[in-house]
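Below you'll find the structure, written out as structure tokens, and then a few comments.
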Amino acid sequence: MKVAEWKPKKVEELSELIRKYPTVAVVDMKNLPSKQLQAIRSKIRDKVLIKMTKKRLIKRALGNNELTKYIRGMSAMLFSKINAFELFRTLKESMSDAPIKAGQEAPADIIVPAGPTSFAPGPIISELGAAKIKASIQEGKVVITADSLVAKKGDIINEQVASILARLEIHPMKIGINICAVLEGGFIYTPEILDIDISKYATDLLLAHQNAFKLAVGANILVADTVAPLL
């Protein structure tokens, strides 16, 4: 069977980009509407090159690279000169909130906070109750009386819960380009490694320095930073 001419050309194009760029990622764009994709492309085009094609062609371009193990969903490849952590942060910042649909998996525990709603008394009370949301009538309006856990992380959302969350304008999903893994400097980084809270990291680093300084002073260890206070 004759192979379509564009396929080997696409493999060669991807192979050349893999050689050219220091940071290469495989991503999943499942459930990402084209409108949001175009908006993300516009935001990140100065930093990231996006190439979409068939999984089989991506695997051929990668060859024996372990990055192939992370290909899933609606696959694409990203190429960048920024490091893996900055790439992850850039994509995370480009994500937008979205309603969850029936049949989708809860990305985290979904909690409906206590507080007033715009709903008038009616069938909505029983609908909220069916979704495990505690509510009552106060001053002619429906009020959620306590923070209510409607789904745990990993739960499959049913139509009833999806509908209630949409009406309450609670959007627990994040729409964007989801990194599966990034290759940089011969190392593969997964989202669990890349998802760092920069402000917390800086705070922890400062605290570690302060504690090390106190320990050095207390133990009479002479280094450049402790000479003055020890004298």
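Numbering starts at 1 and runs along the sequence shown.
For the atom pair CG (L78) and CG (L87), the distance works out to 6.0 Å, reported to the nearest 0.5 Å. Summarising the geometry, atom CD1 belonging to I137 is positioned 11.0 Å from atom OG1 belonging to T145; distances are rounded to the nearest 0.5 Å. Separating the CZ atom in R60 from the CG atom in L14 is a distance of 12.5 Å, to the nearest 0.5 Å. Atom CZ of R45 and atom CD1 of I50 lie 11.5 Å apart (nearest 0.5 Å). One finds the OG1 atom of T190 at 9.0 Å from the CZ atom of F88 (value rounded to the nearest 0.5 Å). Rounding to the nearest 0.5 Å gives a distance of 5.0 Å between CD1 of I188 and CD of E66.
P33 places a side-chain heavy atom less than 4.5 Å from the side chain of I175. Side chains of M29 and I40 form no contact here, defined as non-hydrogen atoms less than 4.5 Å apart. Side-chain atoms of T53 and E13, non-hydrogen and from C-beta on, never get closer than 4.5 Å to each other. With a 4.5 Å cut-off on side-chain heavy atoms, L32 and M74 do not count as touching. Two residues are said to be in side-chain contact when any heavy atoms from C-beta on lie closer than 4.5 Å; R41 and Q38 meet this criterion. Between D195 and K92, some side-chain heavy-atom pair lies under the 4.5 Å cut-off.
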Before you tell me yes or no, could you show the steps for V182 and F187 under side-chain contact (heavy atoms from CB on, under 4.5 Å), namely the whole-Å CA-CA distance, both residues' side-chain angles and the distance that decides it to 0.1 Å? CA-CA 8 Å; V182 182; F187 295 96; over 6 Å; no
Let me see the working for L57 and K7 under side-chain contact (heavy atoms from CB on, under 4.5 Å), right down to the final yes or no. CA-CA 7 Å; L57 301 184; K7 291 183 178 180; 4.1 Å; yes
Does R56 form a side-chain contact (heavy atoms from CB on, under 4.5 Å) with K59? I'd like the steps, not just the answer. CA-CA 5 Å; R56 185 173 68 256; K59 289 179 179 179; 5.8 Å; no
Take D97 and M173 through the test side-chain contact (heavy atoms from CB on, under 4.5 Å) and record every step on the way to the result. CA-CA 6 Å; D97 296 334; M173 300 297 288; over 6 Å; no
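Between the side chain of S15 and the main chain of V11, a donor-acceptor pair closer than 3.5 Å is present. In this structure, Q138 contributes its side chain and V143 its backbone to no donor-acceptor pair below 3.5 Å. Not one N or O on the side chain of D109 forms a donor-acceptor pair closer than 3.5 Å with the backbone of K152. Side chain of S126 to backbone of P123: a donor-acceptor contact under 3.5 angstrom is found. At distances below 3.5 Å, not a single donor-acceptor pair connects side-chain atoms of S75 with backbone N or O atoms of K55. Between the side chain of S148 and the main chain of K134, a donor-acceptor pair closer than 3.5 Å is present. For S80 (side chain) and K47 (main-chain N/O), a donor-acceptor pair under 3.5 Å exists by modelled atom type.
Few gaps surround CZ on R19; more than 12 heavy atoms of other groups in view lie less than 6.0 Å from it. For E169, the CD atom counts as loosely surrounded, since its 6.0 Å shell holds 12 or fewer non-hydrogen atoms of other residues, nucleotides or ligands.
Cluster annotation: I170 and V161 are assigned to the same hydrophobic cluster (Ile/Leu/Val/Met/Phe/Trp/Tyr, side-chain heavy-atom contacts under 4.5 Å, transitive). L128 and V150 end up in the same hydrophobic cluster when Ile, Leu, Val, Met, Phe, Trp and Tyr side chains are linked at under 4.5 Å. Linking ILVMFWY side-chain heavy atoms closer than 4.5 Å, directly or via other members, places Y70 and I18 in a single hydrophobic cluster. Under the 4.5 Å side-chain heavy-atom criterion for Ile, Leu, Val, Met, Phe, Trp and Tyr, V27 and V24 are members of distinct hydrophobic clusters. With hydrophobic clusters built from ILVMFWY side chains whose heavy atoms lie under 4.5 angstrom apart, Y189 shares a cluster with I196.
Smallest separation of non-hydrogen atoms from L17 and F79: CB-CE2, 3.5 Å. The heavy-atom pair separating C180 from P191 by the smallest distance is O-CD, 3.3 Å. Considering every non-hydrogen atom in both E184 and T23, the closest pair reads CG-OG1, 3.9 Å. Of all the heavy atoms in F119 and L168, the pair that sits closest is CE1-CD2, 3.5 Å.
Classification of E5 and K9 as a salt-bridged pair holds, one side-chain N sitting under 4.0 Å from a carboxylate O.
Test L183, I71, N65 against V26 for side-chain contact (heavy atoms from CB on, under 4.5 Å) and you get one pass: I71.
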